[in-house]
Structure formats: structure tokens, C-alpha cells
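Proteins come first, then strands; the chains are lettered A, B, ... in the order of their sequence lines, and each starts at number 1.
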2 protein chains.
Amino acid sequence: MSQSLNVVGSATYQRIKRDIIFGELAPASRLKLDKLRERYGASVSTLRETLNRLASEGFVDAQDQRGFFVTPTSRNDLIEIANLRILLECHALRLSVEKGNTDWEGNVVSAYHKLNLIENKLHAGDESLKEDWKRYDWEFHLALIEACGSRNLLSLHSVLYDKYLRYQMLVLTYRGEDAIDEHRDIVNAALERDVDLAAESLRLHIQVGLEHTLEVLE
Amino acid sequence: MSQSLNVVGSATYQRIKRDIIFGELAPASRLKLDKLRERYGASVSTLRETLNRLASEGFVDAQDQRGFFVTPTSRNDLIEIANLRILLECHALRLSVEKGNTDWEGNVVSAYHKLNLIENKLHAGDESLKEDWKRYDWEFHLALIEACGSRNLLSLHSVLYDKYLRYQMLVLTYRGEDAIDEHRDIVNAALERDVDLAAESLRLHIQVGLEHTLEVLE
DNA sequence: CAGGACTTAAGAATCGAATATGATGTCATA
DNA sequence: TATGACATCATATTCGATTCTTAAGTCCTG
């Protein structure tokens, strides 16, 4: 979303955020400025800008005079995140399906196609594609709701998506054919402009994903 | 919400945010680091931390190599904000009305009572109470949804509330008896545990407020 | 007069040093 | 031995100076 686009700054922002989402910076672990300076090659000031930003998005915990920590994970937090994602994403999908024009349909079909290719490969056992899968899944879900007409809604949603993604990355398992089927159901309903069915399919998709993640999560 | 509580930092954060919401830093105006340093007595680094934070909350626009600007306002943005507030706050209210215990009821009654006192004074023409009114209105709306059981939801909501508030402050007018009545309807329905009616009353309250603001806005 | 290259000034981005704070360990005293 | 004062250290916070980028003039040339 709204990049604070400079050179060192936005680069470290991207990298730290990515490392948190992909679990390379473990939940609840401490983020010492000096260590981060080594690791990311940026000065304390730049790092602090980044960390403050991530703190307000909820990926980092800022504690008074005690520094920064990766936001801890919990089952309860995951449930909250998933439910909020359902609330926002289904709402956005409804609007999008109502308003979407030809370009929107094209983007949805294209994103779905690309996601499908990757998912079939993943299903065939190629584990090296996790990073790609993440990108295509994101682009698919985004394409679906992009015609909702609310920048603010899309912006809130993107943060939620990333938070949810962190939990998925934590458990690391791929759901396989089920996810493929669910995606298909959503696309079909969306393209047929069946608002209710599309929203319900999406809700189910997230719900099932949540349950799956909760199960695997220790 | 989640304070990055230090001394200089959090103080300037609070002050700048307040100044944006209350219109003392006008929409779309440029935020030069030097000027801000004079005005808030903090160094560039500290200011940049603050501004980055406000940027990720959406109160400030950060443009690559061109600095910071107060996020501009627009009718369309206002509409988006109001609709999102309806979506999140009504959802939270439903949960809260379902789950709220005795303490919750007590807080709601208390917050409502205090808001009522202020609103009657405002209605009687005492304009000096704007800052107080803001606080009590916030505490009222928060009390209602506080038992929703989702920290994440409350956190998203609080940002939205503030964004909406900025528009209210922009038009400066007080809606009078109508608002008083609307608040009463919400409380009554909430205390009677009529989930649907409470949510609908709240939706109406925000909707009417939106239309009022849109009308006055230029 | 129009358009482009050069110069200059304003301001943003970045940095490492200086300061302040909280955590930890040590010692004296009851 | 338990407790509290004190010193020490690790680390967060804050700052102003330095470097880099962009925007605005200015001048030269066709």
C-alpha cells in the first residue's frame, strides 16, 4: 500500500516486514537496534522509522524505553485476524462483484489462472514455490475485491491479509486440492455475479483455512 | 491505540495527530521538517518517526524524496470512512451486545450519562466544550463496543473514528437534538440486548451524521 | 521567443555521536 | 541470609551535522 518510498528506508521496511511475515524474525523476539543495523545495513534513525511504522501496522510491539519486539502470535489473535478478514474481504467482494467492469473480470480470470498453475505445481510437490504462491494468492484475492471502489477498505484489507499470512507461513503446510476447489468456487460465483454465493464461498474459504491453521498450530 | 510511549516521541505524536484532526494543520498542507522542529521542539529523527507512524495510519501522506503532507480530504474519502466505520462499529456493537456483562452495562450507562450532560450544554449554546464533547462522544462509542472481544477490531475502529472525527471538526457544526435522540436509541437497544435494533440505530446515527457533514462541507 | 543545459538553493534522507534509561550485579548493613 | 543502596553496563532515545535529491532559476543557443 502507501509506500514511504525512499531508498534505504523503504528497502529495510520491505525486508523487515517480509522477515516477520515469513517467520525469519520469530514472534515475540526482541529487535535490538544494533543487531538490526548489522543485519539490514541501516542506521538507527532509519530503523526506528521503519519499526514505528511496523508498530502502527501491528507487526511490531513498541515498548516504552524497552525497545521493539516482533508482535507475538496467539491462537486468539489468529482467530480475530481471520474474522476481521472475513468481515472486510467479504464486504469488499460484494461491492466488487456488483461494480466490477470488463477489466475487472479480465484481471480476475488472469489472476486465477496464474494461481491455478502454481497451486497445481505445489500440489505436485514442488516446495520451492512458497514465495511465488504467496504472491499469486495475494494477487488473486486482491483482483477479486479491487473493484470495490474504496481505497480505504483495500488498504485495511492488505494489512489484515499480511497478518493472516504470517500465521499460514508459521504452520507451513499447504492445503492442497481443497484450496484449489475453494478458489474455483469463488471465481465462478464472482463471474456469474452471484454476490451472495461469492461472499459465502469466500467466507468458507477463509473459515476452513483458519480451522486448518488452528489445527496444525501446536 | 498502541502507544509508542517514550517522552518526546509520544508527546509530539499526540500533538501532531491532534492538530491534524482538529484542523490546525490543514488538509493537504505541507509538513516541512524544519518548521515542525520549531513548532514541536523535536529533532528531525523524532519527527520522522512520528510522521511515518501517522503515515501508516493514514493521517499523513509520505512522498518519496518530497517529504510529508497532511492527508487531503475529499467527499469521496469521507464517504468511504463513514461506510467503513458503519461496517466495523456495527459489527463490534453486535458482538458487544451479545457478550457484554454487568461491568459493560455499567460503563455504557456511565458514558452515556456524561455525554448527555455535555450535549445538553452544547445544545444550550456553550461552544467552548468542543474538546470535551469529542472526548465524551469517543468514550461513549468505545464503551458500547468494548465488550466485542477483539482487540484487533477495536484498534482498527479507533483509527477510523479519528479520521471521521477530522471531517466533523472541519465542518464544526453541532447537530443538536437529533444526535441526542440517536444516542438514546442506541443505548436503549443495547441495554435491552436487541442486537439488530442496536446495530440499525448505530448505522442510522452514522449515516445521518455523514449526510449532515456532506451537506455542510462546502 | 522557446527550449534545453547548467547552477544554485531548499529541503529530505541518512548517519553516528551524545544522552538518558532501565536491567543487572555488587556490596554493605541489619 | 535478606534487603536495599549504589555502581555498571547494555541499550533505547534524541539530537544536529552531513549527504543526496529535487525544484527553481538563469543563461545560452536556435
Side-chain angles (χ1 to χ4, degrees), chain A residues 1-20 24-72 155, chain B residues 1-20 24-72 155:
Chain A
M1 225 281 71
S2 76
Q3 314 291 28
S4 164
L5 358 99
N6 34 49
V7 183
V8 182
S10 75
T12 62
Y13 170 79
Q14 306 281 3
R15 289 178 60 202
I16 295 182
K17 184 167 174 178
R18 188 201 156 282
D19 287 349
I20 291 176
E24 264 139 64
L25 294 170
S29 64
R30 186 160 188 193
L31 296 167
K32 296 190 203 175
L33 278 308
D34 267 0
K35 290 281 168 58
L36 294 182
R37 228 183 49 209
E38 279 178 38
R39 178 162 178 174
Y40 297 100
S43 69
V44 276
S45 317
T46 306
L47 256 345
R48 285 183 61 88
E49 285 180 30
T50 298
L51 293 174
N52 268 292
R53 187 144 196 170
L54 289 168
S56 97
E57 289 176 18
F59 294 101
V60 160
D61 248 19
Q63 298 194 21
D64 189 19
Q65 314 287 28
R66 305 215 322 103
F68 300 91
F69 301 77
V70 177
T71 302
S155 157
Chain B
M1 230 273 82
S2 75
Q3 315 292 28
S4 162
L5 359 99
N6 36 48
V7 184
V8 182
S10 76
T12 62
Y13 170 80
Q14 305 283 1
R15 289 178 60 201
I16 295 182
K17 184 166 174 178
R18 188 201 156 284
D19 287 349
I20 290 176
E24 264 139 64
L25 294 170
S29 63
R30 188 161 188 190
L31 296 168
K32 295 191 201 172
L33 278 308
D34 267 0
K35 289 281 167 57
L36 294 182
R37 227 182 50 208
E38 280 177 38
R39 178 163 178 172
Y40 297 100
S43 69
V44 276
S45 317
T46 306
L47 284 170
R48 286 181 61 89
E49 285 179 28
T50 299
L51 292 174
N52 267 291
R53 186 143 195 172
L54 289 169
S56 98
E57 289 175 17
F59 295 102
V60 160
D61 249 20
Q63 298 192 20
D64 189 19
Q65 312 288 27
R66 306 215 323 102
F68 300 91
F69 300 77
V70 177
T71 301
S155 158

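Residues B:Ala26 and B:Val70 share a closest heavy-atom pair of O-CB, 3.3 Å. For the pair B:Leu25 and B:Ser29, the tightest heavy-atom approach, listed with the atom from each and the gap, is C-OG, 4.1 Å. Pairing each heavy atom of B:Phe68 with each of B:Val60, the nearest pair is CD2-CG1, 3.8 Å. Between A:Thr71 and A:Asp61, the shortest heavy-atom distance links the atoms OG1-N, 3.7 Å. Residues B:Pro72 and B:Pro27 share a closest heavy-atom pair of CA-CB, 4.3 Å.
The separation between A:Leu51 atom CG and D:dT11 atom C1' is 14 Å, rounded to whole Å. Across the protein-nucleic acid pair, B:Arg66 atom CZ and C:dA12 atom P stand 10 Å apart, rounded to whole Å. In this structure, CD of B:Gln63 is placed 11 Å from P of C:dA12, rounded to the nearest angstrom. Taking atom CD of residue A:Gln65 and atom P of nucleotide D:dA10, one finds them 19 Å apart after rounding to whole Å. Distance, B:Leu47 CG to C:dG11 C1': 14 Å, rounded to whole Å. A straight line from CZ of A:Phe68 to C1' of D:dA12 spans 8 Å, rounded to a whole angstrom. The CG atom of B:Asn52 sits 11 Å away from the C1' atom of C:dA13 (whole-angstrom rounding). For B:Leu36 and C:dA12, the CG to P distance is 9 Å, given to the nearest whole Å.
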Sub-3.5 Å pairs of nitrogen or oxygen atoms, protein against nucleotides 15-18 of chain C:
unit_1: C:dC15; atom_1: OP2; unit_2: A:Ser43; atom_2: N; d: 2.9
unit_1: C:dC15; atom_1: OP2; unit_2: A:Ser43; atom_2: OG; d: 3.3
unit_1: C:dC15; atom_1: OP2; unit_2: A:Thr46; atom_2: OG1; d: 3.4
unit_1: C:dC15; atom_1: N4; unit_2: A:Ser45; atom_2: OG; d: 2.9
unit_1: C:dC15; atom_1: N4; unit_2: B:Ser45; atom_2: OG; d: 3.4
unit_1: C:dG16; atom_1: O6; unit_2: A:Ser45; atom_2: OG; d: 2.7

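Taking CG from A:Leu47 and CG from A:Asp34, the interatomic distance works out to 9.5 Å, rounded to the nearest 0.5 Å.
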| Verdict with reasoning, A:Leu51 to A:Leu36, per side-chain contact (heavy atoms from CB on, under 4.5 Å) | CA-CA 11 Å; A:Leu51 293 174; A:Leu36 294 182; 3.8 Å; yes

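The side chain to side chain contact (heavy atoms under 4.5 Å, CB included) search around A:Arg15 returns A:Tyr40, not counting sequence neighbours.
The nucleotide whose nearest atom lies closest to any side-chain atom of B:Lys32 is, among C:dA13, C:dT21, C:dG11, C:dG11.
Using a 4.5 Å cut-off on side-chain heavy atoms (C-beta onward), A:Glu24 and A:Arg18 make contact.
The phosphate of D:dT13 (OP1 or OP2) has a side-chain N or O of A:Arg48 nearer than 4.0 angstrom. For C:dA12, one of the phosphate oxygens OP1 or OP2 lies less than 4.0 angstrom from a side-chain nitrogen or oxygen of B:Arg30.
Helix-axis bend for the helix from C:dC1-D:dG30 to C:dA30-D:dT1: the local axis fitted to the five terminal pairs at one end deviates from that at the other end by 10°, rounded to 10°.
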